[in-house]
Amino acid sequence: MRSNMCGEVRAIHIGQTISVCGWVASRREHGTQLAFVDVRDHTGVVQCVVDNDVDVRSEFVVRITGTVRARLEGTVNPNLPTGEIEMGECVVEVLRTAEPPPFPIDSRADKVEETTRLQFRYLDIRRERMQKNLRVRAKVNSAIRGAMEAQSFVEVETPMLVPSTPEGAREFLVPSRKEPGAFYALPQSPQLFKQLLMVAGMDRYYQIARCLRDEDLRADRQYEFMQLDAEMSFVSQDDVLAAISLAVMAAAEAVTGERPPTIEQMTWRDAMNRFGVDKPDLRFGMELNELTDIFAATEFKAFAGAACIKGINATGKAEELGRNKLDALTDRAKQMGAKGLVWLKVAADGSLESPVAKFLSADEQAALIARLEAKPGDLILIVADAWDTTCEVLGQIRNDLGRPPVWQGPYRYVWVIEFPLFVGLDKETGKPKPGHHPFCMPHPDDLDKFDTDPMSVRAMAYDLVLNGWELGSGSIRIHKSDLQRKVFTALGISDEDAEKKFGFFLRPFEYGAPPHGGFAFGIDRLVAILAGEENIREVIAFPKTQSGTDPMTNAPTIPNPKQLAELGIRAMPPKA
RNA sequence: GGUCCCGUGGUGAAGUGGAGUUCACGCCGGCCUGUCAAGCCGGAGGUCGCGGGUUCGAACCCCGUCGGGACCGCCA
């Protein structure tokens, strides 16, 4: 039907008679003798000159045949890639008329209520922005596949109807027709199957897998999302990081044209100490500074005896943050569990202005200023509390004060390694809770700490972080039953419970599980950042709203009684 | 489950207790031979999300509810 794409016609085509197909982006009529019709496809628009009356409206689908010619002098449009040329003596075929769209099919729709965009998603996707985003996504998928294939990973598809598992995120359930009362779950991830594929000798598995979690939605979370899911046999942690790094770098290069440098590594403890979060945003400074030693002998009651005192220097923020904003920050710190937040402003003469300055000795003040390299106009914020609280609170405040939009460059990838094996204590059992999942390999140097200091045991677990967003995580898995039993014991899980809860998963290991490890990272998040979007809905063709509905299809809908009867289900009455 | 913000013709905004909801874009009709998200003239189009309350009077204040969004919880 067409010989050229609209956005690709150039001066070299002058003299050729060509046909383009697309949608009418705009029509400018000048009497009955002359009309301009801009035709749009996903490559762009081209101006078509019609020398007579033509009845086409916005978004009519047309095929236009004409001869490419240079535009008249003075009518070149430098804002358009096709602005040097136009199609003349055009014949217009209307392939399909169209109703006026509810919003303009261009960047003006960026301001339209998102619900309306989702209700008419097929029109929204017609826009340049969404076309670009979905094509970026396709490039990422393609580059990842290429990188994984090149490393001898084998793509294996795992089932979508799986057994419900006891741990982890809330699952979507699918009723079984053959066995009324029984349910399948939709997979939160292919975790179980990919590890069994290692037992099965697949050696290197990967899949761009759809995962489903029935947890509340966010800017970076949807019910359904896509992961690069991978698992490798006979590998060290560094092997896994290297393999995934190649996939991520290939994806980034495919989109940006630039290959990121080798992804740096940082231990979890360093990340917490320096940035106060396990997903540090390395694009800006304002790092946490250790101050405990400076105030070791302080008279100031709020600091005296505190396990950990840290501070950040919000450089140049003294002016900007008035009393109200400082109070708000203090409230936020308290909400997060800190006893308080101390602020000090560096005055023009270098002295400290603060309600608490009078409690700090001259030596302490001098040491503080030196440690934080504070200059006039700087704002110092200090938290004194337990180590984790101090880090977390200051990390959050650091992000609040300094973090650029996630899409803003440069891209700073970082592997956060050596996550703790256990985090916190279960309120009911008083036993440690698994940091990642209970099948993570403990760090070999920490095996003797299981009994003495379990909370300090590191795991062979790692996260990939980009600009403060967690892209994904992985670990080396336990493949021996004695070590697995040791971890279960620490978690307070008896042999009997372990068999009941995880037997279906662990029993196959008895037939010869190789040492193995893997990783999974969220494609939606990576694509969003590479596409310059701060919301993954912008890179998903048909996403759900925050309450889990689809304004276009009206899903979820109420099934008819016959369907329910067949499934042996009696539903609650719908909400009024 | 919680906190905060938003809801006014098709779309985006203005109006925060008082006359007839205002403006831009879009839409419909007319004019127009070089425009380019054209220009000019005219026109149609709104239960101000919904329900209740306060008031002489409510788009505006109060309560509830529905829908949307950001965040917390949650996401082993």
To the nearest 0.5 Å, atom CD1 of Ile64(A) lies from atom CZ of Arg2(A) at 13.5 Å
Of the residues in residues 390-405 of chain A, which ones touch RNA chain B at a heavy-atom distance under 4.0 Å? none
Salt bridge or not between Glu59(A) and Arg96(A)? Use side-chain N to carboxylate O under 4.0 Å. no
For Phe502(A) and Phe488(A), take the angle between the two ring planes, folded into 0 to 90°, and tell me which bin it lands in: parallel under 30, tilted 30 to 60, perpendicular over 60. parallel
Provide, to the nearest angstrom, the distance between the CD atom belonging to Gln47(A) and the P atom belonging to U33(B). 17 Å
Among residues 25-39 of chain A, which residues get a heavy atom nearer than 4.0 Å to RNA chain B? Ser26(A), Arg28(A), Glu29(A), His30(A), Gly31(A), Gln33(A), Leu34(A), Phe36(A), Asp38(A)
Taking any heavy-atom pair under 4.0 Å as a contact, classify Ala109(A): base, sugar-phosphate, or nothing. nothing
More than 12 heavy atoms of other groups within 6.0 Å of Glu89(A) CD: no
Nearest heavy-atom pair of Leu394(A) and Leu381(A): which atoms, and what distance? CD2-O, 3.9 Å
On RNA chain B, more 5' by nearest nucleotide between Ala219(A) and Ser547(A) is Ser547(A)
Filtered N/O pairs between nucleotides 8-14 of chain B and protein, under 3.5 Å:
unit_1, atom_1, unit_2, atom_2, d
G10(B), O2', Pro102(A), O, 2.9
U11(B), O4', Pro102(A), O, 3.1
G12(B), OP1, Glu113(A), N, 2.7

Round to a whole Å and report the spacing from CD of Gln546(A) to P of C66(B). 16 Å
Classify the side-chain pair Gln396(A)/Glu392(A) by whether it contains a donor and acceptor separated by less than 3.5 Å. no
Does NZ belonging to Lys132(A) count more than 12 external heavy atoms closer than 6.0 Å? yes
If C31(B) has a Watson-Crick or G-U wobble mate with both distances under 3.5 Å, name it; if not, just say none. G39(B)
Look at atom CZ of Phe183(A) and say whether more than 12 heavy atoms of other residues, nucleotides or ligands are closer to it than 6.0 Å. yes
What does the list of N/O pairs under 3.5 Å between the protein and nucleotides 74-76 of chain B look like, with a distance for each?
unit_1, atom_1, unit_2, atom_2, d
C74(B), O2', Glu215(A), OE1, 2.6
C74(B), O2', Glu215(A), OE2, 3.4
C74(B), O2, Arg221(A), NH2, 3.0
C74(B), N3, Arg221(A), NH1, 3.1
C74(B), N3, Arg221(A), NH2, 2.9
C74(B), N4, Arg221(A), NH1, 3.3
C75(B), O2', Arg213(A), NH1, 3.4
C75(B), O2, Arg221(A), NH1, 3.3
C75(B), N3, Arg221(A), NH1, 3.3
A76(B), O2', His436(A), O, 2.0

What about Arg71(A), does its side chain sit under 3.5 Å from the base of C36(B) through a donor-acceptor pair? yes
Options C36(B), A37(B), G69(B), nucleotide nearest the side-chain atoms of Arg537(A): G69(B)
Considering every strand shown, what is the Watson-Crick or G-U wobble mate of U54(B) when both distances are under 3.5 Å? none
For nucleotides 42-50 of chain B, tabulate all protein N/O to nucleotide N/O atom pairs closer than 3.5 Å, reporting atom names and distance.
none

Using whole Å, report how far CG of Asp550(A) lies from C1' of G67(B). 15 Å
Within a radius of less than 6.0 Å around CD of Glu128(A), do more than 12 heavy atoms belonging to other residues, nucleotides or ligands occur? no
Look at the rings of Phe521(A) and Phe519(A) and say which category their plane angle falls in: under 30° parallel, 30 to 60° tilted, over 60° perpendicular. tilted
Using both distances under 3.5 Å as the test, list the Watson-Crick or G-U wobble partner of U3(B), or none. A70(B)
Applying the Watson-Crick and G-U wobble criteria at under 3.5 Å, what pairs with C48(B)? Answer none if nothing qualifies. none
Looking at U21(B), which nucleotide sits across from it as a Watson-Crick or G-U wobble partner, both distances under 3.5 angstrom, or is there none? none
Apply salt bridge (Lys or Arg N to Asp or Glu O under 4.0 Å) to Asp38(A) and list each qualifying residue two or more places apart in sequence or on a separate chain. Arg28(A)
Taking all heavy atoms of Leu421(A) and all of Ala459(A), pick out the closest pair and write down the distance. CD1-CB, 3.6 Å
Glu224(A) with Arg210(A): basic N within carboxylate O range, under 4.0 Å: yes
